[in-house]
Every structure is written in C-alpha cells, then in structure tokens.
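We use all heavy atoms of the structure for the numbers below, so side chains are in, but hydrogens, waters and symmetry mates are not. First the proteins, then the strands, lettered A, B, ... as listed; each starts at 1.
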Amino acid sequence: VYNVNLVLKGFCQSGDCDKAMGLFCQMKRNCVLPDSISYNTIVNGLCKAKRSVEARDLFEAMKAGDCKPNLVTFSALIDGLCKNGEVEEGLDLLEEMEKKGLEANVFVYSALISAFCNKGEIERGKQLFDEMLGKNVTPNVVTYSCLMHALCKTGKWQEASQMLNDMTTSRVHPDVVAYTVLADGLCKNGRASDAVKVLDLMVQKGEEPNTLTYNAVINGLCKEGRVDDALKILEMMAKKGKKPD
RNA sequence: UACUCAAGAUGC
C-alpha cells in the first residue's frame, strides 16, 4: 500500500488523476487494499483537478464503506470545495465533522480562513480565527499568513504589520512565506519602503529571502518609480550568490 | 522514536 500510495500521489500531482483512479481501482482487485491515505490522496487529487463533484462522490463512498473519512479527508475536501467557490458547503462539512466527533485542526481552519479572506470577507475569516482560539486550536504560520494577506489586500497594512508582531509574541515563527506575504502586501499598498524594512528584518532574524520575496520587493519599488533602488536589491541578491530569475 | 495523504506568498 505504502508504495502504491506514492504512485497515486505522483499521478495526481502530474495532473493524471484518471491514471491514479485507474490504479486505485486495480488495488482493490489485487488484494492491496487501499487505506485511508490512498483514499485521501485521490480525494485531494480530484479536488486539485477541480473535480469536486467526483471528490464528494468518493467521500460519500468512504462513508458507506469500511474506510471512513478522517481529519485529512475532511481537510482536503473542505479546501477543495472552498477553492471551487463552495465555501458555505465547506462550512457544512465543518459542522458534519464536528458532529462525528472529529475535531477540526489548524489545517481545516486555515483552509476556511483562507477561503473567506480570498472572497474579501475578512470579518468572517477573523470570526473563524476567534473560533479556533476558543477551541484551543493553535494558529500557525499559515493561518497568520492568510490573514495578513487578506488585511493587506483590503488596505489594512498596519493591522497586517501588527499581526507579524502578534505571531512573534505567540511564539509562532514567521517563515519566508509569511515575510513575503507582508512585504508584497506593503508594496501593493504603496509602502515599498516598509517592504524593504521587512526584507531587512527577515535577514536579521536569519530567515533567508527567496526569489519570490525579492521579486515582490523589486516589483514594488519599480511601481513606485524607484528603479535604482530595485537595482540595488538585485545587486544585494548577487552578493549573496542568488541568481535573479 | 524514522518513510506515504490535507491549508498560505511574487511576476503575466
């Protein structure tokens, strides 16, 4: 099963969901019974291929069979529905899992928060954030990043900047993505100078900026007509032995 | 106290 699961994932990742499904069906015949990871891999693959109807069907089949949906199944499906614009259905699933006694974790909440944030409904995102705190589910760097992203997109860059401090005081360590989200968000709000400060801060904290980070800041500087400063960033990359893309 | 499944970022 172990080995077959890896291949299932491989097919899904390369967009060959159908091949994965074919292999999945063969497993049952060849007495390598699919386990929950096999199922979850397919559910997730279907979701990523925007085939949420089929993902749901498989989910229903799991409920009817021996391999019941677990936390990962719900998490993958909720995210899939959300990304398919069916956020309310995602919330329904949250209810359903709770009724079954499965406790939503940070993956489930982050997926939902991300979805509401992307729809521009930050308030609902924040509500979920409070809800998870109330349930003693600890937000992680992904949760914070989603919120920072949304805050920046709606002009609330101060709040987003504050959130970086919040996470530090909550002992959640910002990673490259978190810093990049904020730097980019600041740029989008015409605050390229602040973005450069974020860049400096992360270096100071020992977090290596990557190409995406640099691109965000460079783009921000250029949009403000500060092309010379942008060039300096390129030079800074060169000094570090980073290849510009 | 290992190995397979789920959530976040740039440019067009």
Side-chain angles (χ1 to χ4, degrees), chain A residues 1-13 20 24 27 32 34-48 55 58-59 62 67 69-83 87 90 93-94 97 102 104-118 125 128-129 132 137-153 160 163-164 167 172 174-188 192 195 198-199 202 207 209-223 230 233 237 244-245:
Chain A
V1 217
Y2 220 98
N3 311 79
V4 181
N5 284 345
L6 288 168
V7 179
L8 287 179
K9 189 183 182 194
F11 278 137
C12 288
Q13 279 178 339
F24 180 73
M27 291 174 80
V32 187
D35 62 6
S36 56
I37 294 187
S38 323
Y39 275 97
N40 291 344
T41 303
I42 302 288
V43 169
N44 185 243
L46 287 169
C47 286
K48 294 276 141 48
L58 188 56
F59 171 73
M62 290 176 79
C67 198
N70 62 17
L71 187 56
V72 175
T73 324
F74 274 97
S75 160
L77 188 58
I78 287 174
D79 180 59
L81 292 176
C82 285
K83 294 221 163 49
V87 186
L93 280 179
L94 174 61
M97 66 186 290
L102 283 174
N105 66 3
V106 63
F107 278 80
V108 173
Y109 276 110
S110 296
L112 287 165
I113 288 172
S114 165
F116 279 119
C117 287
N118 283 330
L128 281 165
F129 184 75
M132 71 187 284
V137 179
T138 313
N140 65 12
V141 62
V142 175
T143 325
Y144 282 105
S145 299
C146 293
L147 286 166
M148 287 197 297
H149 193 184
L151 288 167
C152 285
K153 276 208 293 198
M163 192 149 263
L164 189 75
M167 49 193 298
V172 175
D175 63 4
V176 206
V177 178
Y179 283 114
T180 305
V181 167
L182 184 59
D184 176 56
L186 288 166
C187 287
K188 299 261 156 68
V198 171
L199 190 63
M202 68 184 289
E207 200 62 51
N210 62 21
T211 313
L212 272 64
T213 322
Y214 288 116
N215 281 349
V217 177
I218 290 172
N219 189 240
L221 288 167
C222 289
K223 289 233 164 96
I233 304 279
M237 291 175 72
D245 70 357

Which part of the nucleic acid, if any, lies within reach of [X] when heavy atoms closer than 4.0 Å are counted: base, sugar-phosphate only, or nothing?
X	value
A:N70	nothing
A:N210	base
A:V141	base
A:V181	sugar-phosphate
A:N140	base
A:N105	base
A:K223	nothing
A:A178	base
A:K83	sugar-phosphate

Which atoms form the tightest heavy-atom contact between [X] and [Y], and what is the distance?
X	Y	result
A:M148	A:L164	SD-N, 4.1 Å
A:K83	A:D79	NZ-OD1, 2.6 Å
A:L81	A:G90	CD1-N, 4.4 Å
A:V106	A:T138	CG2-O, 3.6 Å

Please confirm whether the ring centroid of A:F129 lies under 6.0 Å from the ring centroid of A:Y144.
yes
Indicate whether any N or O donor in one side chain lies under 3.5 Å from an N or O acceptor in the other, for A:N70 and A:T73.
yes
Nucleotide interval of RNA chain B bounded by contacts with chain A (heavy-atom cut-off, under 4.0 Å)
B:rC3 to B:rG11
Which residues within residues 108-117 of chain A lie with some heavy atom under 4.0 Å of an atom in RNA chain B?
A:S110, A:A111, A:S114
Check: A:S114 main-chain N/O paired with A:N118 side-chain donor or acceptor under 3.5 Å:
yes
Could you tell me whether the side chain of A:N44 and the main chain of A:C47 form a donor-acceptor pair under 3.5 Å?
no
Holding to side chain to side chain donor-acceptor pair (under 3.5 Å), I want the full list of residues that pass it with A:D35, two or more places apart in sequence or in another chain.
A:N5, A:S38
